[in-house]
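Take a look at the structure below.
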Amino acid sequence: LDELPPLLEGIPCREGTSCPDQLLRALTAIRQGTLFPAHSFLICEDPKPKARVGLLGQLGGDVEALKASLARMRAMKVDAVCCVGNLTGGSQGDEELLRLLLKEKVLAIQGEGDWRRAQEPETAVSALERDAREYLQGLPQVMVFRLMERRALGFFGEYVQALPGYSDFEPFALEMNMVCNLSRFLRDEELFPALEAMTPQFAARIVLFGQTPVWRHWRVGGVDFINVGPARTENGVAWGLLEDRGGEVVFGLQDGE
Amino acid sequence: MAESVRALPQEIQEIIDIREWDMRTREGIQRFRELRAKSLPSVALDEELVYEALIPGQEELSQEILRRYHTKRQ
């Protein structure tokens, strides 16, 4: 820390990214005790390995869909249930749904709609009752859990990048940038070679996202990408089953009445 | 890739400006998409994607730069 700063002084930044002048500022801040980690989004992490995980998306206050999905997940003996948002949809079922998620210990994060809802003033017409509102406000925007040996990341979509202070160098920002910006939610398949070239730098081997309303699974560069779709499809109530079977990641959409 | 470009002979360095984009950043991804690149690493010359998914040899890259340089000066 004493030797490096003089060597960095006066070297200009080239592209506004990770350059010597910024490193010098960071080192100076460390010495002054004023450097703190940037946290534009909250991450909840469940470190306990799981073999079977139920996935939920776009519940939008649909309590009946949640109840039906949870019953089927229990019957299939999942170890955990994860929901990547949106939990609420501005309907009358929002509060009951949030209470049920809390009661059932569902690992849930805010979708874009949830995040906006949580910012509403208490006096807003659509404001939630205090307990539901506090639960929603306290939810993180990013989840991390383990499917046995693999680390899984879940986030809703690109609103996370718009949160104040978001940095391309935050934990899991690489995965989110690759999903949202490079591959446009895995829709640009012609860019999969570039995505594959970036996956060795990923911290997660499974990436869940929910912004686009379809259920789909891709494996690119050894990383499993899962678009967590809506809680109802044309076949009825829908949820995803994510499993580790002998070290292999297996995903299946469970839908139907 | 950037290192191989920076290691070009001095006479080549004098006629080019090198810009490098970090693919981890949204800015880098945007530039990658603007150039209609598909693979990494990629090299564009004068806004045109010339090399994709390969690192050209110094001689090949130098010749291509010189060819473009002389074409522009004609």
Side-chain angles (χ1 to χ4, degrees), chain A residues 11-20 22-23 38 40-41 153 155 157-204 207 211 220-221 223, chain B residues 1-69 72:
Chain A
I11 304 176
C13 175
R14 283 184 290 113
E15 302 291 345
T17 56
S18 49
C19 295
Q22 293 177 44
L23 179 59
S40 64
F41 52 83
L153 162 74
F155 73 106
E158 57 197 342
Y159 88 93
V160 177
Q161 297 176 320
L163 295 175
Y166 178 87
S167 158
D168 292 325
F169 301 101
E170 281 184 86
F172 307 109
L174 174 64
E175 286 88 337
M176 290 192 268
N177 288 353
M178 292 298 116
V179 168
C180 299
N181 303 81
L182 180 68
S183 69
R184 302 272 160 87
F185 300 96
L186 280 293
R187 284 176 296 196
D188 287 350
E189 294 190 9
E190 59 181 12
L191 292 176
F192 281 10
L195 178 61
E196 188 169 354
M198 297 301 289
T199 54
Q201 297 181 53
F202 279 23
V207 180
Q211 182 170 317
V220 181
V223 174
Chain B
M1 170 60 90
E3 285 311 311
S4 71
V5 174
R6 284 199 202 93
L8 287 167
Q10 186 60 32
E11 63 267 28
I12 301 292
Q13 298 279 356
E14 285 170 4
I15 59 172
I16 59 173
D17 286 317
I18 303 167
R19 295 202 66 183
E20 181 186 357
W21 277 271
D22 186 339
M23 277 297 289
R24 294 171 298 174
T25 67
R26 285 164 290 169
E27 185 190 21
I29 294 167
Q30 185 184 336
R31 188 67 182 134
F32 186 79
R33 292 185 66 98
E34 284 168 358
L35 289 167
R36 300 184 181 280
K38 306 282 186 295
S39 306
L40 293 167
S42 292
V43 176
L45 299 173
D46 295 333
E47 303 286 318
E48 183 189 341
L49 196 64
V50 182
Y51 301 105
E52 262 200 291
L54 63 89
I55 301 173
Q58 262 201 16
E59 194 174 332
E60 183 186 346
L61 184 55
S62 297
Q63 282 177 0
E64 181 60 24
I65 292 168
L66 285 172
R67 187 185 68 75
R68 287 167 180 267
Y69 178 71
K72 280 200 279 188

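Protein chains get the first letters and strands the later ones, always in sequence-line order, with residue 1 at the start of each. Heavy atoms only: backbone and side chains are in, while hydrogens, waters and symmetry mates are out.
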From CA spacing to verdict: side-chain hydrogen bond (donor to acceptor under 3.5 Å, both in side chains), Q161(A), N177(A)
CA-CA 8 Å; Q161(A) 297 176 320; N177(A) 288 353; 2.8 Å; yes

Quick check on F202(A) against chain B: is it the side chain, the backbone, both or neither that has a heavy atom closer than 4.5 Å?
neither

Contacting moiety of E196(A), where chain B heavy atoms sit under 4.5 Å
neither

Looking only at non-hydrogen atoms, find the nearest pair between L8(B) and S62(B) and report the distance.
CD2-OG, 3.5 Å

Does the distance from a Lys or Arg side-chain N to an Asp or Glu carboxylate O, for R31(B) and E27(B), drop under 4.0 Å?
no

Taken to the nearest 0.5 Å, the spacing of L66(B) CG from I15(B) CD1 works out to 5.0 Å

Under 4.5 Å from any heavy atom of chain A - which part of R26(B)
both

Where on A37(B) is there a heavy atom nearer than 4.5 Å to chain A: the side chain, the backbone, both, or neither?
backbone

